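Worksheet: the structure to be examined is printed underneath.
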There are 2 protein chains.
Amino acid sequence: MSAADRLDHTMLALADPTRRAILSRLAKGEARVTDLAAPFEISLNSVSKHIRILERAHLVTRRRLGREHFLSRNARALDEAAAWIDGLRHHWNQRLDRLERALERRS
Amino acid sequence: MSAADRLDHTMLALADPTRRAILSRLAKGEARVTDLAAPFEISLNSVSKHIRILERAHLVTRRRLGREHFLSRNARALDEAAAWIDGLRHHWNQRLDRLERALERRS
DNA sequence: GATATATTCACCCTAAAGTATGAATATGTC
DNA sequence: GACATATTCATACTTTAGGGTGAATATATC
């Protein structure tokens with residue numbers, strides 16, 4: 001899978017408030033599907049689907065212990081997304097810097 | 001519109017390679033819809049819709065001059081997205097730091 | 001074995017994304 | 001006015017997201 005495909009999945013995974021809340025919750029450490037679902041009014045099934053989207057983006061990883069599935073955070077994909085956005089921000093700013101320097105030379 | 005809604009729109013807008021390419025292109029400065037569409041094989045109409053999604057996310061702004069529409073980048077939304085991701089990354093890392101310190105105290 | 005718990009699988013539905021085509025609108029040029 | 005250019009509007013189609021319900025699977029407990 002290409003870097004572009006990975007970014008597609010990561011950004012899409014981040015484009016939902018339930019999934020962002022799940023990621024925040026995982027800062028506290030591993031949690032079961034039921035634990036992650038508790039704060040929300042949606043069905044366990046829906047949460048399970050959100051988790052699958054987070055897994056596809058490699059934002060979380062799963063560890064099975066008996067009948068319980070423990071989810072934990074995975075920093076790699078988040079780092080990639082942050083790197084892409086920061087790269088674009090710097091790209092945009094560099095252009096602005098060049099414009100400013102050009103304007104200074106004319107004045 | 002809430003901050004969560006804005007993040008939804010921004011992240012979704014960033015979850016497509018065509019739109020990310022358009023944003024990169026805009027680092028070079030303003031461009032018309034036709035200019036932005038040139039590198040892609042999809043129809044002008046499709047590009048127009050992608051631009052609308054970027055506008056909804058406030059990632060680009062539009063300036064009309066006669067029959068031409070000039071699009072330019074808008075840093076604010078990108079800054080918000082970067083801030084959210086960095087906030088989560090630090091949140092995750094702080095937790096890891098605390099775990100490490102706790103392990104050190106036990107050893 | 002019987003029952004309860006944790007999670008997913010298999011569908012179904014609705015809304016939206018993503019693409020396309022052709023018409024409409026607005027503006028520029030001759 | 002006639003014609004070309006730039007962009008959007010209207011519509012249609014396919015795919016996917018996001019939610020639901022109920023059945024199935026796997027595991028734990030009695």
Side-chain angles (χ1 to χ4, degrees), chain A residues 1-2 4-23 25-26 29-72 77 81, chain B residues 1-2 4-23 25-26 29-72 77 81:
Chain A
M1 193 170 48
S2 73
D5 291 335
R6 287 199 303 276
L7 270 180
D8 287 357
H9 289 153
T10 302
M11 296 297 187
L12 180 64
L14 295 177
D16 180 274
T18 301
R19 289 192 291 264
R20 288 197 301 273
I22 288 173
L23 293 177
R25 162 65 183 80
L26 289 180
E30 279 190 330
R32 298 173 306 157
V33 177
T34 305
D35 301 328
L36 294 176
F40 308 107
E41 291 187 352
I42 61 180
S43 72
L44 208 61
N45 203 335
S46 291
V47 174
S48 179
K49 287 188 188 178
H50 281 304
I51 292 172
R52 229 187 307 158
I53 291 178
L54 291 169
E55 278 188 293
R56 187 183 62 179
H58 300 104
L59 285 164
V60 306
T61 57
R62 185 190 301 256
R63 181 175 68 92
R64 294 174 201 209
L65 203 65
R67 62 186 168 178
E68 296 173 316
H69 296 213
F70 290 93
L71 284 306
S72 58
Chain B
M1 193 170 49
S2 73
D5 291 336
R6 287 199 304 275
L7 271 180
D8 287 357
H9 289 155
T10 304
M11 297 297 187
L12 180 63
L14 295 177
D16 180 273
T18 300
R19 290 193 290 265
R20 288 197 303 273
I22 288 174
L23 293 177
R25 162 66 183 80
L26 289 179
E30 279 189 330
R32 297 173 306 157
V33 177
T34 306
D35 301 328
L36 294 175
F40 308 108
E41 292 187 351
I42 60 180
S43 72
L44 206 60
N45 204 334
S46 290
V47 173
S48 179
K49 287 192 185 176
H50 281 305
I51 292 172
R52 231 187 304 157
I53 290 178
L54 290 169
E55 278 188 292
R56 186 183 64 179
H58 301 104
L59 285 164
V60 306
T61 58
R62 185 190 302 257
R63 180 175 69 92
R64 295 174 201 211
L65 202 65
R67 63 186 167 176
E68 297 173 315
H69 296 212
F70 290 92
L71 284 306
S72 59

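All figures in this text were calculated on a predicted structure; none of them were measured in a lab. Residue numbers begin at 1 in each chain, while the letters A, B, ... track the order of the sequences.
- Listed by chain and residue number, nothing satisfies the side chain to side chain donor-acceptor pair (under 3.5 Å) test with B:T34 (two or more places apart in sequence, or in another chain).
- Take the nearest nucleotide of DNA chain D for A:G66 and for A:R56: the residue whose nucleotide is more 5' is A:R56.
- For B:S48, there are no side chain to side chain donor-acceptor pair (under 3.5 Å) partners at least two apart in sequence or on another chain.
- The side chain of A:S46 places no N or O atom within less than 4.0 Å of a non-bridging phosphate oxygen (OP1 or OP2) of D:dG18.
- Between B:H50 and the phosphate of C:dA17, there is no side-chain N or O to OP1/OP2 separation shorter than 4.0 Å.
- Legend: residues meeting salt bridge (charged side-chain N to carboxylate O under 4.0 Å, His left out) with B:R6, ordered by chain and number and at least two apart, are B:E80.
- Rounded to whole angstrom, the span from the CG atom of B:L12 across to the C1' atom of C:dA16 amounts to 9 Å.
- For the pair A:F40 CZ and D:dG18 C1', the interatomic distance rounds to 14 Å; values are reported in whole Å.
- With contacts defined as side-chain heavy-atom distances shorter than 4.5 Å, the pair A:L12/B:L14 does not qualify.
- When rounded to the nearest whole Å, the span between CD1 of A:I53 and C1' of C:dA16 equals 14 Å.
- For the pair B:I42 CD1 and C:dT21 P, the interatomic distance rounds to 12 Å; values are reported in whole Å.
- Looking at A:R19 and A:I53, their side chains come closer than 4.5 Å, going by heavy atoms from C-beta outward.
- For residues 13-22 of chain B, proximity to DNA chain C is found at B:D16, B:R19, defined as any non-hydrogen atom under 4.0 angstrom from a strand atom.
- Side-chain nitrogen and oxygen atoms of A:S43 include none within less than 4.0 Å of the OP1 or OP2 phosphate oxygen of D:dG19.
- One can place CE of B:M11 at 19 Å from C1' of C:dA17, the figure rounded to the nearest angstrom.
- Residue pairs meeting the salt bridge (Lys or Arg N to Asp or Glu O under 4.0 Å) criterion with at least one member in residues 43-56 of chain A, sequence neighbours excluded: A:E55-A:R62.
- Within the structure, the side chain to side chain donor-acceptor pair (under 3.5 Å) test picks out the following pairs touching residues 8-18 of chain B (sequence neighbours left out): A:R20-B:D8.
- Taking the salt bridge (charged side-chain N to carboxylate O under 4.0 Å, His left out) definition, one finds that B:R67 meets it with nothing, sequence neighbours left out.
- With sequence neighbours excluded, no residue satisfies salt bridge (charged side-chain N to carboxylate O under 4.0 Å, His left out) with B:R64.
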Report task. If a protein heavy atom is under 4.0 Å from the base, mark B; if only from the sugar-phosphate, S; if neither, -; do that for nucleotides 4-14 of chain D going 5' to 3'. Result -> BBSBSBBBB--
